[in-house]
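Here the structure is a predicted model, which means the values were calculated and not measured.
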Protein chains: 2
Amino acid sequence: MLDRIDRKIIEVLQQNSRASFVEIGKQIPLSASSARERIQKLEDLEIIKAYSLKVDHAKMGFGLEVFIMIKLFSGKLKSFMGAIDSFPEVKRASRITGSHNIHMKVVLKDQLHLQQFIDKLINYGEPTTHLILSELK
Amino acid sequence: MLDRIDRKIIEVLQQNSRASFVEIGKQIPLSASSARERIQKLEDLEIIKAYSLKVDHAKMGFGLEVFIMIKLFSGKLKSFMGAIDSFPEVKRASRITGSHNIHMKVVLKDQLHLQQFIDKLINYGEPTTHLILSELK
DNA sequence: ACTGAAAGCGACCAGAT
DNA sequence: ATCTGGTCGCTTTCAGT
(Lines give C-alpha, C1' and ligand atoms only; values in the text may rest on other atoms or scores of the structure.)
Protein backbone atom coordinates (compact mmCIF):
# COMPACT_ATOMS: atom_id res chain seq x y z
CA MET A 1 0.00 0.00 0.00
CA LEU A 2 3.03 2.26 0.25
CA ASP A 3 6.01 1.10 -1.75
CA ARG A 4 9.66 2.03 -2.02
CA ILE A 5 8.95 4.73 -4.59
CA ASP A 6 6.39 6.47 -2.38
CA ARG A 7 8.83 6.45 0.52
CA LYS A 8 11.53 7.89 -1.69
CA ILE A 9 9.21 10.65 -2.85
CA ILE A 10 8.40 11.52 0.76
CA GLU A 11 12.12 11.55 1.54
CA VAL A 12 12.81 13.99 -1.28
CA LEU A 13 9.95 16.25 -0.23
CA GLN A 14 11.09 16.18 3.39
CA GLN A 15 14.41 17.60 2.28
CA ASN A 16 12.84 20.15 -0.04
CA SER A 17 9.09 20.39 -0.26
CA ARG A 18 9.38 22.97 -3.05
CA ALA A 19 11.10 20.52 -5.38
CA SER A 20 9.45 20.40 -8.80
CA PHE A 21 7.85 17.22 -10.09
CA VAL A 22 10.60 17.07 -12.68
CA GLU A 23 13.31 17.18 -9.98
CA ILE A 24 11.51 14.59 -7.87
CA GLY A 25 11.09 12.37 -10.89
CA LYS A 26 14.82 12.53 -11.63
CA GLN A 27 15.70 11.22 -8.18
CA ILE A 28 13.44 8.17 -8.35
CA PRO A 29 13.70 7.85 -11.41
CA LEU A 30 10.19 8.42 -12.72
CA SER A 31 8.49 10.71 -15.21
CA ALA A 32 7.20 14.02 -13.88
CA SER A 33 3.60 13.04 -14.53
CA SER A 34 3.93 9.76 -12.63
CA ALA A 35 5.61 11.53 -9.72
CA ARG A 36 2.78 14.03 -9.70
CA GLU A 37 0.18 11.25 -9.76
CA ARG A 38 1.73 9.45 -6.79
CA ILE A 39 2.03 12.65 -4.79
CA GLN A 40 -1.60 13.43 -5.55
CA LYS A 41 -2.55 10.05 -4.10
CA LEU A 42 -0.41 10.59 -1.00
CA GLU A 43 -2.20 13.91 -0.47
CA ASP A 44 -5.65 12.37 -1.01
CA LEU A 45 -4.88 9.63 1.53
CA GLU A 46 -3.61 12.34 3.89
CA ILE A 47 -0.31 10.57 4.27
CA ILE A 48 1.12 13.92 3.26
CA LYS A 49 -0.65 16.25 5.69
CA ALA A 50 0.97 19.59 4.85
CA TYR A 51 3.82 21.34 3.09
CA SER A 52 5.55 23.47 5.67
CA LEU A 53 8.54 25.58 6.51
CA LYS A 54 11.41 25.63 8.97
CA VAL A 55 12.28 29.15 10.09
CA ASP A 56 14.99 30.55 12.33
CA HIS A 57 12.96 31.97 15.19
CA ALA A 58 15.96 33.65 16.77
CA LYS A 59 16.58 35.64 13.57
CA MET A 60 12.93 36.69 13.67
CA GLY A 61 13.37 38.17 17.12
CA PHE A 62 12.20 35.21 19.18
CA GLY A 63 15.42 34.26 20.89
CA LEU A 64 13.92 32.00 23.51
CA GLU A 65 12.64 28.53 22.60
CA VAL A 66 11.34 26.28 25.34
CA PHE A 67 9.47 23.10 26.03
CA ILE A 68 6.71 23.52 28.58
CA MET A 69 4.90 20.59 30.13
CA ILE A 70 1.73 21.21 32.08
CA LYS A 71 0.03 19.25 34.79
CA LEU A 72 -3.49 20.50 34.21
CA PHE A 73 -5.85 21.16 37.12
CA SER A 74 -8.75 18.71 37.06
CA GLY A 75 -11.53 19.83 34.74
CA LYS A 76 -9.28 22.28 32.86
CA LEU A 77 -8.50 20.12 29.83
CA LYS A 78 -11.34 21.34 27.62
CA SER A 79 -10.84 25.03 28.33
CA PHE A 80 -7.11 24.67 27.81
CA MET A 81 -7.61 22.95 24.47
CA GLY A 82 -9.81 25.86 23.44
CA ALA A 83 -7.33 28.48 24.60
CA ILE A 84 -4.30 26.96 22.92
CA ASP A 85 -5.14 28.29 19.46
CA SER A 86 -5.14 31.81 20.84
CA PHE A 87 -1.50 31.54 21.98
CA PRO A 88 0.67 32.41 18.98
CA GLU A 89 3.74 31.53 21.02
CA VAL A 90 2.78 27.84 20.97
CA LYS A 91 4.16 26.17 17.87
CA ARG A 92 3.19 22.60 18.74
CA ALA A 93 1.21 20.99 21.54
CA SER A 94 0.42 17.36 22.37
CA ARG A 95 -1.41 15.40 24.99
CA ILE A 96 1.02 12.98 26.58
CA THR A 97 1.19 10.27 29.21
CA GLY A 98 2.94 10.84 32.52
CA SER A 99 2.49 13.21 35.43
CA HIS A 100 2.18 16.13 33.02
CA ASN A 101 -0.73 16.01 30.57
CA ILE A 102 0.44 18.46 27.94
CA HIS A 103 3.71 19.04 26.11
CA MET A 104 4.31 22.22 24.12
CA LYS A 105 7.03 23.83 22.09
CA VAL A 106 6.89 27.57 22.70
CA VAL A 107 8.75 30.43 21.03
CA LEU A 108 9.26 33.71 22.90
CA LYS A 109 11.05 37.02 22.58
CA ASP A 110 12.81 37.12 25.97
CA GLN A 111 12.54 36.28 29.66
CA LEU A 112 9.85 38.87 30.26
CA HIS A 113 7.77 37.36 27.50
CA LEU A 114 8.27 33.91 29.03
CA GLN A 115 7.17 35.18 32.41
CA GLN A 116 4.02 36.72 30.96
CA PHE A 117 3.27 33.51 29.12
CA ILE A 118 3.69 31.36 32.21
CA ASP A 119 1.38 33.73 34.08
CA LYS A 120 -1.32 32.83 31.58
CA LEU A 121 -0.65 29.11 31.88
CA ILE A 122 -1.03 28.96 35.65
CA ASN A 123 -4.75 29.48 35.19
CA TYR A 124 -4.86 25.99 33.71
CA GLY A 125 -2.27 23.98 35.58
CA GLU A 126 1.28 23.69 36.84
CA PRO A 127 3.83 24.34 34.12
CA THR A 128 7.38 23.03 34.02
CA THR A 129 9.77 24.80 31.64
CA HIS A 130 12.88 23.52 29.87
CA LEU A 131 14.98 25.91 27.82
CA ILE A 132 16.12 24.61 24.46
CA LEU A 133 19.88 25.12 24.23
CA SER A 134 20.48 23.82 20.72
CA GLU A 135 18.91 21.65 18.07
CA LEU A 136 20.77 18.40 17.41
CA LYS A 137 18.39 17.14 14.78
CA MET B 1 15.06 44.30 8.91
CA LEU B 2 12.01 42.08 8.64
CA ASP B 3 8.79 43.89 7.86
CA ARG B 4 5.12 43.02 7.82
CA ILE B 5 5.33 41.74 4.23
CA ASP B 6 8.14 39.31 5.06
CA ARG B 7 6.16 37.99 8.01
CA LYS B 8 3.11 37.57 5.84
CA ILE B 9 5.12 35.67 3.24
CA ILE B 10 6.43 33.34 5.93
CA GLU B 11 2.89 32.84 7.18
CA VAL B 12 1.69 31.87 3.72
CA LEU B 13 4.59 29.47 3.22
CA GLN B 14 4.01 27.91 6.64
CA GLN B 15 0.52 27.00 5.54
CA ASN B 16 1.63 25.78 2.12
CA SER B 17 5.29 25.77 1.25
CA ARG B 18 4.50 24.63 -2.29
CA ALA B 19 2.55 27.78 -3.08
CA SER B 20 3.68 29.43 -6.32
CA PHE B 21 5.14 32.93 -6.28
CA VAL B 22 2.03 34.10 -8.09
CA GLU B 23 -0.22 32.69 -5.35
CA ILE B 24 1.95 34.14 -2.60
CA GLY B 25 1.97 37.50 -4.32
CA LYS B 26 -1.82 37.57 -4.48
CA GLN B 27 -2.12 37.20 -0.73
CA ILE B 28 0.20 40.09 0.11
CA PRO B 29 -0.51 41.71 -2.42
CA LEU B 30 2.73 41.89 -4.37
CA SER B 31 3.94 40.98 -7.83
CA ALA B 32 5.28 37.45 -8.27
CA SER B 33 8.79 38.68 -8.99
CA SER B 34 8.89 40.85 -5.86
CA ALA B 35 7.60 37.97 -3.78
CA ARG B 36 10.29 35.78 -5.31
CA GLU B 37 12.98 38.36 -4.56
CA ARG B 38 11.96 38.67 -0.90
CA ILE B 39 11.84 34.92 -0.47
CA GLN B 40 15.28 34.66 -2.04
CA LYS B 41 16.56 37.10 0.55
CA LEU B 42 14.90 35.21 3.40
CA GLU B 43 16.63 32.06 2.16
CA ASP B 44 20.00 33.80 1.82
CA LEU B 45 19.74 35.16 5.37
CA GLU B 46 18.75 31.65 6.50
CA ILE B 47 15.61 32.98 8.11
CA ILE B 48 13.93 30.35 5.99
CA LYS B 49 15.96 27.27 6.89
CA ALA B 50 14.12 24.56 4.95
CA TYR B 51 10.98 23.64 3.05
CA SER B 52 9.59 20.57 4.70
CA LEU B 53 6.70 18.18 4.97
CA LYS B 54 4.23 16.98 7.57
CA VAL B 55 3.42 13.29 7.17
CA ASP B 56 1.04 10.98 8.99
CA HIS B 57 3.46 8.55 10.60
CA ALA B 58 0.66 6.25 11.75
CA LYS B 59 -0.49 5.79 8.15
CA MET B 60 3.09 4.94 7.22
CA GLY B 61 3.14 2.09 9.74
CA PHE B 62 4.70 3.97 12.65
CA GLY B 63 1.82 3.97 15.09
CA LEU B 64 3.81 4.97 18.17
CA GLU B 65 5.03 8.51 18.66
CA VAL B 66 6.82 9.42 21.86
CA PHE B 67 8.88 12.04 23.56
CA ILE B 68 11.99 10.67 25.20
CA MET B 69 14.13 12.71 27.56
CA ILE B 70 17.55 11.42 28.53
CA LYS B 71 19.72 12.09 31.52
CA LEU B 72 23.06 11.33 29.91
CA PHE B 73 25.83 9.59 31.83
CA SER B 74 28.74 11.92 32.36
CA GLY B 75 31.10 12.02 29.39
CA LYS B 76 28.50 10.53 27.02
CA LEU B 77 27.35 13.75 25.38
CA LYS B 78 29.76 13.68 22.46
CA SER B 79 29.24 10.04 21.57
CA PHE B 80 25.50 10.45 21.85
CA MET B 81 25.52 13.46 19.55
CA GLY B 82 27.43 11.37 17.04
CA ALA B 83 25.06 8.41 17.32
CA ILE B 84 21.88 10.39 16.96
CA ASP B 85 22.12 10.70 13.20
CA SER B 86 22.20 6.93 12.90
CA PHE B 87 18.80 6.57 14.60
CA PRO B 88 16.18 6.97 11.89
CA GLU B 89 13.48 6.80 14.56
CA VAL B 90 14.55 10.17 15.96
CA LYS B 91 12.74 12.97 14.13
CA ARG B 92 13.99 15.84 16.31
CA ALA B 93 16.44 16.18 19.17
CA SER B 94 17.46 19.12 21.35
CA ARG B 95 19.74 19.83 24.24
CA ILE B 96 17.67 21.24 27.08
CA THR B 97 18.01 22.55 30.60
CA GLY B 98 16.79 20.54 33.57
CA SER B 99 17.58 17.18 35.07
CA HIS B 100 17.42 15.58 31.63
CA ASN B 101 19.92 16.85 29.03
CA ILE B 102 18.25 15.73 25.82
CA HIS B 103 14.74 15.88 24.47
CA MET B 104 13.72 13.84 21.42
CA LYS B 105 10.67 13.17 19.35
CA VAL B 106 10.77 9.54 18.26
CA VAL B 107 8.57 7.59 15.83
CA LEU B 108 8.24 3.83 16.16
CA LYS B 109 6.31 0.91 14.72
CA ASP B 110 5.08 -0.68 17.96
CA GLN B 111 5.94 -1.50 21.57
CA LEU B 112 8.60 -4.00 20.58
CA HIS B 113 10.28 -1.38 18.44
CA LEU B 114 10.15 1.06 21.37
CA GLN B 115 11.72 -1.51 23.66
CA GLN B 116 14.55 -2.17 21.21
CA PHE B 117 15.13 1.55 20.82
CA ILE B 118 15.25 2.14 24.57
CA ASP B 119 17.75 -0.71 24.85
CA LYS B 120 20.06 1.29 22.59
CA LEU B 121 19.57 4.47 24.56
CA ILE B 122 20.55 2.98 27.92
CA ASN B 123 24.14 2.85 26.71
CA TYR B 124 24.14 6.64 26.88
CA GLY B 125 21.94 7.57 29.83
CA GLU B 126 18.64 7.17 31.62
CA PRO B 127 15.67 7.65 29.31
CA THR B 128 12.20 8.74 30.36
CA THR B 129 9.41 8.09 27.86
CA HIS B 130 6.10 9.89 27.33
CA LEU B 131 3.63 8.54 24.80
CA ILE B 132 2.02 11.12 22.55
CA LEU B 133 -1.74 10.62 22.73
CA SER B 134 -2.83 13.28 20.26
CA GLU B 135 -1.62 16.43 18.59
CA LEU B 136 -3.43 19.57 19.70
CA LYS B 137 -1.43 21.91 17.52
C1' DA C 1 0.76 2.27 -13.29
C1' DC C 2 3.80 4.65 -16.30
C1' DT C 3 5.04 7.44 -20.40
C1' DG C 4 5.09 11.18 -23.80
C1' DA C 5 3.01 15.04 -26.16
C1' DA C 6 0.77 19.51 -26.15
C1' DA C 7 -1.19 23.60 -24.10
C1' DG C 8 -1.11 26.75 -20.48
C1' DC C 9 1.05 28.75 -16.67
C1' DG C 10 4.83 29.93 -13.61
C1' DA C 11 9.78 30.90 -12.88
C1' DC C 12 13.35 33.63 -14.06
C1' DC C 13 16.00 37.33 -16.07
C1' DA C 14 16.12 41.94 -18.02
C1' DG C 15 15.33 46.58 -18.05
C1' DA C 16 12.64 50.64 -16.23
C1' DT C 17 10.42 53.52 -12.51
C1' DA D 1 12.26 47.90 -3.57
C1' DT D 2 8.81 46.92 -7.00
C1' DC D 3 6.96 46.17 -11.56
C1' DT D 4 6.34 44.67 -16.63
C1' DG D 5 7.48 41.95 -20.57
C1' DG D 6 9.65 38.00 -22.79
C1' DT D 7 11.67 33.42 -22.85
C1' DC D 8 12.17 29.05 -21.18
C1' DG D 9 10.91 25.32 -18.26
C1' DC D 10 7.44 23.14 -15.51
C1' DT D 11 2.78 21.69 -14.56
C1' DT D 12 -1.17 19.59 -16.02
C1' DT D 13 -4.06 16.76 -18.69
C1' DC D 14 -4.91 13.04 -21.57
C1' DA D 15 -4.37 9.45 -24.97
C1' DG D 16 -1.74 5.36 -25.50
C1' DT D 17 0.79 1.32 -23.67
Does a distance-only test, which skips hydrogens and angles, find a donor-acceptor pair under 3.5 Å between the side chain of Ser33(A) and the base of dG4(C)? yes
Would one find a side-chain N or O of Arg36(A) under 4.0 angstrom from OP1 or OP2 of dT13(D)? yes
Taken to the nearest whole Å, CE/Met1(A) to C1'/dA1(C) is 17 Å
Could you check whether Arg7(A) makes a cation-pi contact with Phe62(B), meaning its NZ or CZ is under 6.0 Å from the centre of the six-membered ring and within 45° of the ring axis? no
Figure out the CD1/C1' separation between Ile24(A) and dC10(D), and round it to whole Å. 12 Å
Between C1' on dA1(C) and CD on Gln40(A), what's the gap in Å once rounded to a whole number? 15 Å
Tell me the interatomic distance from Glu37(B), atom CD, to dT4(D), atom C1', rounded to whole angstroms. 14 Å
Grab the CZ-P distance between Arg18(B) and dG10(C) for me, whole Å please. 14 Å
Candidates dC12(C), dC2(C), dT2(D) - which lies nearest the side chain of Phe21(B): dC12(C)
Is it the case that Ser17(A) and Ser52(B) place a side-chain donor and acceptor less than 3.5 Å from each other? no
Looking at Ser31(A), does any N or O in its side chain come under 4.0 Å of the phosphate oxygens OP1/OP2 on dC2(C)? no
Kindly point out which of dA11(C), dT11(D), dC3(D) is positioned nearest to the side chain of Val22(B)? dA11(C)
Closest to side chain of Arg38(A), choosing from dT12(D), dA1(C), dT2(D): dA1(C)
Value in whole Å for how far the C1' atom of dA1(D) lies from CG of Leu30(B): 9 Å
Is Ser34(B) close enough to dC3(D) that one of its side-chain N or O atoms is under 4.0 Å from OP1 or OP2 there? yes
Search all heavy atoms of Ile68(A) against all heavy atoms of Val106(A) and return the closest pair with its distance. CD1-CG2, 4.0 Å
Phe73(B) and Asn123(B) have their tightest heavy-atom pair at CD1-O, 4.0 Å
Quick one: Ile39(B) CD1 to dA1(D) C1', roughly how many Å, whole number? 15 Å
